[in-house]
Structures are given as structure tokens and as C-alpha cells.
Amino acid sequence: MTFTDSLRSTITALRDRYPQPRSAVIPALWAVQEEEGFISAERFADIAELLSITPSEVESVATFYSMFALKPRGKHFLLVCTNVSCALRGSDDIVERLETRIGPSGSTSADGSVTWERTIECLGACGYGPAMQLDHHFVENLTPDKVVDLLEHTENYLPGKGSAHHGKPGAHEAHEHHSEPTSEHEESDSKKSRRRSSKR
Amino acid sequence: MAEHRLLTAHVGEEGLDTLTGYERTGGYQALRKTLGMTPEAIIEEVKASGLRGRGGAAFPTGTKWSFLPKDVYPRYLCCNADESEPGCFKDRYLIDKNPHQLIEGLLIAAFALQVHHAFIYIRGEYHDQRLTLERCVEEARAKGYVGKKIMGKDFDCEIIVHGGAGAYICGEETALLSSLEGYRGQPRLKPPFPAIKGLYGQPTVVNNVETLSTLPHIMERGGAWYKTIGCESSAGTRLFCCSGHINRPGVYEMAMGTTIRELLEEECQGMLEGSDLKAFQPGGGSMQVLLPEHLDLPLDFDAVAKAGSSLGAGAMVFMDQTTCMVNVSMRLVDFYHHESCGKCVPCREGTYFESKLMHRLEAGDATLEELSTLEDICDNMNGKCFCPLGDTATWFVMSAYKAFREEFRSHCGAAACPVRHPVVMV
């Protein structure tokens, strides 16, 4: 099955923004992933045709960048940072809890609601770690308990759901710069997990 | 000297992330003023300010601009918002808090360089920040600040916000340009530098988010005024991203020349209770480790370079006595291994072997002889890779090995990490 009309017109509009059409490869791949959840091999050819390049050129780009999903994922996607700053604040405990609840990095939960991955690429939330992204939105100052809550009430952590949990723009207080734990419960929890895991 | 707020002066004010809110703080007045000047005069003003690039290389901005060949058009301008340096989150902060300041700075640079197509290349992970910038560009367009005849003057400029998709290497300027052209994000041979042959083979300037966000302030109050802030070799203020075992992690804007100790003790409110500073990184994951004895160094590009490290992209990661330097090195080496673009052999293969060896060391499986192998691998990478990614993949681990040699040696054949599980002699 080829492109939907709306995807075709979205990608055509993206293409026309650039001095050279090929520049729209990454935006086009994003458009497909947003619409269809992942990028199938068939779409390489569809995008290639619109941008006047070959399917293999589209594929070479799709496989280079780590954020493109080339196979289906669960309904939500969690990306957990394990670089130094998050590790200093306990990201190993977050990883361990997700491994226990869902399975190794890359697993999808049994009900298909969540796929999770650990990443060594720093997400840019170093002052608010441990941190993850839930469907591209930051969720910060994680604790193992908060992760369990997130798995059980995922919608609450998405922007626009009236929750103070996610790291939407402006979530960090103006003068304080750093974000505060959101409840007394989390306060004690976050103090506990300030140290990285002592396990080896 | 405490915080010196220039780029962050209005952070916290209602609606600062909207055009109306930004204009209430005097926003876009600098652009209006700049559009009445000649491009040459603007470049001179930026040169006089002493502004050095805030992306990590600290190259003088005005000088970079003056490398563009005369009379070759079209020219392009790219804002590098591919912030991915481990420990660094200031560009995200500037975009979240004051996005129009960046757009005003971008337009000032575009006019100075006579560019009609400006791009903001933002990392894929900053999805919400990309949407913020796209909204702001549309707000500015509706006001006549983007598009044709900007502010009624004879100047046209389009801004395209372009999201990446997860590749640290795209922060390297030529890899960024390859990516923006629709190729894999691999670096290109220099020379020719982007100023001569950049995007689509045309003269191109690539500037960091913080560099561009500084321009409205320089143009508003003058280069000479800006030069009075900071210290001789490093003018102005800089945003420092502080993280690790500290009481108040966050982004702090400091006058250059303030000491690192003041940043740690005043702004970050010191180390966590029970934590003593063991080591810190002054410039993000790429930079060499420094020790408590270096805390009195000034936040000055040259002074930190003289101490054997670099302020890099402005990330300060503070680590306490419980931090295992082998573990930190392993994570950073893993990072470079994951992010190596695969173009050149020393980096592609070197980071692979480096990572394998660090995992063996961390697990206690490595022998003392393998520590010489580690040195050998790093020696074969540093200065021998196609771009700085491969070089910097060796800097932290080698500096940590030098400063904490016993810690590395004690991991060899150890049953458990000797830092986290010290052996008590009875």
C-alpha cells in the first residue's frame, strides 16, 4: 500500500521548503514515523520518488540515525538516559526496574502499551536526572517508584494531561533553575535514590 | 561576582516564550537598530565584542564571519542546536525559556552576512523545543520579522527549523551540513571550510544557539560594552550546565573569569551532604578530568586549557568519592563507540576495542598488561582520526587513567568494583 494522500501532501510541502529537495529526507522520514508508527521498507521508495533520489539513498539515511524505528513499537516509547550525569543520580536503578517490569532494553510490554530502550546518548536533561523521554517528551527526576507509576498511568505523564510530572517547556522554575520533586512522597524517594546503585 | 544574567535576565517573566512577552522586555529592538547599519559595521561590532563561539571550539565569532568570500551568493547561515555533549543542556534551556532571543540573534547574523535562508538544525530528541521554535518563527513572520521586507527594510530572510534524528556527530559542523543536505551525518574534509564551501557548496556560517542568543545584547549596547564583562581572553557571560552530586543542579549564567569554586559553592550550593568532590569535568563528556585542586581556576577558556582540559561546551559534571572513574570512563567510551559515524578506521575500530576493553576492566576481567593496550589504542586514535570525535573519545579516559592510575590497576582481576566495595584489611 502506498502513501496516504495526507502524507504525500505533507512531504511535498516539506520538500518545497528547501533550496534542494533532498534536504527533506529526515523530515519526510519523521512524517512517516509519526503517521504510521514506524518506517517500512516500502516507504523508502515512496519518499525517494517524491524527492527524486533512489530508495537506497533514503534507506542509508534511515539506518544512520538512531531515532528512526524500522520495525513496529508499542503504543508508547520510553528512552532512558544512562550517560554520566544521569548515572551519577541513579539511572542504573531506573534501568533495573524497567528490566524487571518489561524485560531487557528493546522489549515491549506484554499488553503492547510500552516499548522501552536504554540509550547511552545524553538526552540533555543532566541537571534533572535520572531522565527519560516518553514519546519525545522529557520526564525527569525519576525514581524507580515514579517509573512504576508512569507504566501504570502513562497518560498522566504526557503533556496537556494536567500533570506536573513531565518536563514540558517551562516546567523548571524560573530562578531556581532546577526542578523540584512534585510531592512529599517523591521527595523522600528521590533523596533515597540520590546515590547511584551500590550494586555491581 | 555571582550570577551575571544577560541571556537569562528575563527568565521567569510571564510569557517570555511568546513574541509579545519577549517584546515587552525590549526584544527585537536590537534587530531594528541593526537593520539600519551596514553589514560591515555589524561585523566590526561583533569583532570588537571579543565574543568567542559557545559551541565548544571558542573560535572568535566576528573573525569566523569575515572568512566569507566577498560577492559569492547565495550564502547560508545555520544555527547549531544539535546539543548532544554529555552534561550539556544549556541550548535546550535557552530555547525553552527565551526562544525569540535566538531568532532575533539569527536574524541579526543573517543580515550581517546577507543571508536569505537561515536554518536551525535542532537535535531530534528536542522534539518539543523544535515545535517551540516553529511556533516562534510563525509568530515572527506574522509581525513581519521573518520573510520578505523585514521590518519594512530591503531585506528578506526565511528561517527553516530542521530536526535531526539522533546523531551526536551532527554537532560537528560539516557533518551537520551533510545531514541538512539529506545525507548520512558524516564529516567532510577541511579545507575547504564551510565559510568557503558549506551548505550546497556555498559559503556558510555555522553558529551555536548561545552564540546567536548573545548577539541582540551586543548590538543593543555595543561590542565595547560587552567586552567589559568577563575577563581579558574570554569576554562576556557564559551559561554553565551543572550536574552530578551537587545540591542545586541547573543552568547558571556567569561572567567569564569567575572561579569554578564560586560556581560550585554559590550557585550549585556545594556538594550533596556526605559527598566530597573527587573529580569534575569542566566541559562535558569530551573533556579531560580535573581535580579538587583545580577549583580555583577561573572560568576562562585559556586558563582551563593551560590546566590540561577545556571549558568545551559549558558542562560541569561534579563527582564525589563514591564515583568509580573506570565506570565513568566506560560510559563515555560506550557513548563515543555508539556515536562514531563509521567514516574513518581509527575511530570506528578504535572506539570498538576501547569499549570492549573498558567493559572487561569494569567487570574485573582485564589484566594489568591490558592497561598498556588501552594506552596504545588511545595513542593510535588521538590526533589520527578524521574529525574530533575520535580524538575526544580518548581524552577523558586517558586523563582519568593518569590521575587515578591506582584505581584503574585495582580493577584488574578484582571480584567487585574496588571503589564501590572497598576491601577492608583486617
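All chains are named by letter (A, B, ...) in the order of the sequence lines, taking the proteins before the strands, and each is independently numbered beginning at 1.
For V419(B), no part lies near chain A; criterion is any non-hydrogen pair under 4.5 Å. Both the backbone and the side chain of A125(A) have a heavy atom closer than 4.5 Å to some heavy atom of chain B. For C88(B), the part lying near chain A is the backbone, with the side chain staying farther off; criterion is any non-hydrogen pair under 4.5 Å. Both the backbone and the side chain of P19(A) come within less than 4.5 Å of a heavy atom of chain B. Interface remark: Y76(B) contributes side-chain atoms only to the contact with chain A (heavy atom separation under 4.5 Å). When heavy atoms are compared at a cutoff of 4.5 Å, E158(B) does not approach chain A at all. Both the backbone and the side chain of C341(B) have a heavy atom closer than 4.5 Å to some heavy atom of chain A. At a 4.5 Å heavy-atom cutoff, the contact between V317(B) and chain A is made by side-chain atoms alone.
For the set H338(B), R331(B), H127(B), E339(B), the count of heavy-atom pairs under 4.5 angstrom toward chain A peaks at R331(B). Contact tally against chain A (heavy-atom pairs below 4.5 Å) for I95(B), V328(B), I160(B): the top residue is I160(B). Options T63(A), I26(A), L14(A), T119(A) differ in how many heavy-atom pairs under 4.5 Å they form with chain B, and the most are formed by I26(A). Considering only heavy-atom pairs separated by less than 4.5 Å from chain B, the leading option among I53(A), V84(A), V25(A) is V84(A). Counting heavy-atom pairs closer than 4.5 Å to chain A, the top-ranked of the candidates G342(B), S84(B), P86(B) is P86(B). The candidate with the highest count of non-hydrogen atom pairs below 4.5 Å against chain B, out of Q33(A), Q20(A), E121(A), E57(A), is E121(A). Between chain A and the options H162(B), E83(B), H337(B), the largest number of non-hydrogen pairs under 4.5 Å is found for H162(B).
The backbone N or O of G124(A) lies less than 3.5 Å from a partner atom in the side chain of R92(B), making a donor-acceptor pair.
The side-chain heavy atoms of F138(A) and Q129(B), taken from C-beta on, include a pair separated by under 4.5 Å. For the pair N83(A)/D334(B), no side-chain contact is recorded, criterion being any heavy-atom separation below 4.5 Å from C-beta on. Within the 4.5 Å cutoff, the side chain of F119(B) has no heavy atoms near those of the S23(A) side chain. In this structure the side chain of R22(A) reaches within 4.5 angstrom of the side chain of Y183(B), judged on heavy atoms. Taking the side chain as every heavy atom from C-beta outward, L272(B) and R89(A) approach each other to under 4.5 Å.
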Between I169(B) and F64(A), is the side-chain contact (heavy atoms from CB on, under 4.5 Å) condition met? List the steps. CA-CA 11 Å; I169(B) 186 61; F64(A) 181 82; 4.0 Å; yes
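A perpendicular orientation is assigned to the rings of F89(B) and Y128(A), their planes being inclined by more than 60° (bins at 30° and 60°).
Between the side chains of H137(A) and D128(B), at least one donor N or O lies within less than 3.5 Å of an accepting N or O.
Across every non-hydrogen atom of G185(B) and Y65(A), the tightest pair is N-OH, 3.0 Å. Pairing each heavy atom of C126(A) with each of S243(B), the nearest pair is O-CB, 3.2 Å. The shortest heavy-atom contact between C122(A) and G87(B) is SG-N, 3.6 Å.
A 6.0 Å sphere centred on CD of E14(B) holds no more than 12 heavy atoms belonging to other residues, nucleotides or ligands.
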